[in-house]
Amino acid sequence: MAQATDLQQAFLEDGEDIRPPAGELWSDEPPLESDLHREQIDLLIQLLKWWWRDQDNVYVSGNLTVYYDAQQITTRNFRGPDFFVVKDTDKKDRKSWVVWREGGRYPDFILEILSDSTAQVDRVTKKALYQDTFRTPEYFWFDPATLELKGFSLIRGLYQPIEAIDNQCWSEELGLYIGLHNNKLRFFTPEGELIPSAEERATQAEQQLTQLKAQLRAQGIEPDIEA
């Protein structure tokens with residue numbers, strides 16, 4: 001949550017002249033509704049940060065406030081997508097995403113995790129905002145309870161549904177498929193391979209080491225004996 005002083009001092013009013021603050025704006029998002037929501041968002045962030053670990057021009061974040069209109073800070077009319085990606089920007093830590101300080105850049109990809117209390121807003125209000133104001137090229141939502149996944153692509157100013165193929169949706173913005181694996185939302189390569197989590201990568205490395213040791217033993221070499 002944002003510090004009270006940040007919001008209180010976010011704007012200085014001089015008649016009708018409202019000026020943006022000189023300092024940084026802290027994110028002002030409410031707590032996530034459940035462990036399931038937090039774990040899903042954290043997983044998506046972890047996966048893409050690892051996948052793009054060699055790129056320095058993409059920003060991946062989630063549950064972080066996007067300040068998109070200076071005057072709306074005082075009315076608290078701002079949004080914090082559950083997960084979003086901005087391309088062609090600096091990869092650095094931020095306290096929030098402030099559009100007017102980021103060269104007017106809005107997220108290129110947004111995904112919301114639905115819940116009973118937010119589903120209507122995510123499906124209607126936020127969809128309209130991301131389409132008409134943010135002009136975000138792709139918007140997805142995912143319901144962890146029902147496993148509903150829907151994606152939309154901005155075509156001629158309107159969101160059009162992205163067709164699911166084998167229960168996966170292709171994201172042109174990410175260059176990846178989005179689909180389910182063990183009831184979790186995951187990313188898949190263009191070839192259909194699951195992008196592994198840190199735990200899965202560790203397991204894979206352990207399995208490869210075990211296989212290598214078995215191959216050495218088959219050749220009469222004991223791998224665990226020091227020279």
| request: Answer yes or no: is there a side-chain heavy-atom contact under 4.5 Å between Lys87 and Val60? | output: no
| query | For Tyr159 and Thr136, what are the C-alpha separation, side-chain angles and deciding distance, and is it a side-chain contact (heavy atoms from CB on, under 4.5 Å)? | reply | CA-CA 9 Å; Tyr159 275 142; Thr136 293; 3.6 Å; yes
| field | pair Ile110-Glu138: side-chain heavy atoms closer than 4.5 Å | value | no
| Shared hydrophobic cluster, Trp50 / Leu111 (ILVMFWY, side-chain heavy atoms < 4.5 Å) | yes
| task | Please confirm whether the backbone N or O of Val99 pairs with a side-chain atom of Arg105, one donor and one acceptor, at under 3.5 Å? | result | no
| said: To the nearest 0.5 Å, what is the distance between CD on Gln46 and CG on Leu44? | reply: 9.5 Å
| Atom pair CG/CG of Leu64 and Asp82 - distance to nearest 0.5 Å | 11.5 Å
| query | Quick check, are the ring centers of Phe140 and Phe109 under 6.0 angstrom apart? | reply | yes
| Could Glu222 and Lys213 be called an ion pair, given the rule that one side-chain N must be under 4.0 Å from one carboxylate O? | no
| field | Residue Gln55 excluded, over 12 heavy atoms near CD under 6.0 Å | value | yes
| Leu114 side, atom CG; His37 side, atom NE2 - distance, nearest 0.5 Å | 7.5 Å
| said: Within the structure provided, determine whether Glu200 and His181 are in side-chain contact (heavy-atom separation under 4.5 Å). | reply: yes
| query | Honestly curious: do Val121 and Leu149 fall in one hydrophobic cluster under the side-chain, below-4.5 Å linking rule? | reply | no
| message | Nearest 0.5 angstrom please: Asn57 CG to Thr89 OG1, how far? | response | 8.5 Å
| Can any side-chain N or O of Ser171 pair as donor or acceptor with the backbone N or O of Gly175 at less than 3.5 Å? | no
| request: Quick one: pull up CG in Leu180 and CG in Leu185 and give me the separation to the nearest 0.5 Å. | output: 6.0 Å
| query | Would Ser153 and Gln160 count as a side chain to side chain donor-acceptor pair (under 3.5 Å) if you check the C-alpha gap in whole Å, the side-chain angles of each, and the deciding distance to 0.1 Å? | reply | CA-CA 5 Å; Ser153 179; Gln160 301 297 332; over 6 Å; no
| Sub-3.5 Å donor-acceptor pair from the side chain of Arg38 to the main-chain atoms of Leu36, do we have one? | no
| Any Glu172 side-chain heavy atom under 4.5 Å of Pro137 side chain | no
| query | Say you draw a straight line from OG of Ser115 to CD of Gln120; how long is it, rounded to the nearest 0.5 Å? | reply | 12.0 Å
| query | Tyr139 and ring pair (Phe, Tyr, Trp, His ring centres under 6.0 Å): which partner among Phe134, Phe83, Tyr106, Tyr130? | reply | Tyr130
| message | Are more than 12 heavy atoms, taken from residues, nucleotides or ligands other than Lys184, located less than 6.0 Å from that residue's NZ atom? | response | yes
| field | Sub-4.5 Å side-chain heavy-atom contact between Val85 and Leu174 | value | yes
| said: Does this structure show an ion pair linking Glu206 with Arg201, if we count only N-O contacts that are shorter than 4.0 Å? | reply: no
| task | Tell me whether the centres of the aromatic rings in Trp97 and Tyr59 are closer together than 6.0 Å. | result | yes
| Closest non-hydrogen atom pair, Trp141 against Arg123 | CZ3-CA, 3.5 Å
| field | side chain to side chain donor-acceptor pair (under 3.5 Å) evaluation trace for Trp170 with Glu163 | value | CA-CA 8 Å; Trp170 173 253; Glu163 182 182 3; over 6 Å; no
| query | How about Lys126 and Thr118: do any of their side-chain heavy atoms sit closer than 4.5 Å? | reply | no
| With a 4.5 Å heavy-atom cut-off, do Ile113 and Pro144 have their side chains touching? | yes
| remark: When every non-hydrogen atom of Ser197 is compared with those of Leu43, the smallest separation belongs to CB-CD1, 4.1 Å
| task | State plainly whether one hydrophobic cluster holds both Leu212 and Ile221, where clusters connect Ile, Leu, Val, Met, Phe, Trp and Tyr through side-chain heavy atoms under 4.5 angstrom apart. | result | yes
| query | Can you list the steps and then say if Glu112 with Lys150 is a salt bridge (Lys or Arg N to Asp or Glu O under 4.0 Å)? | reply | CA-CA 10 Å; Glu112 297 287 0; Lys150 287 189 177 297; over 6 Å; no
| request: Please confirm whether the backbone N or O of Tyr67 pairs with a side-chain atom of Thr65, one donor and one acceptor, at under 3.5 Å? | output: no
| note | Looking only at heavy atoms, the pair that brings Phe152 and Lys127 closest together is CE2-NZ, 3.6 Å
| Heavy-atom check, side chain of Phe187 versus side chain of Leu194, under 4.5 Å | no
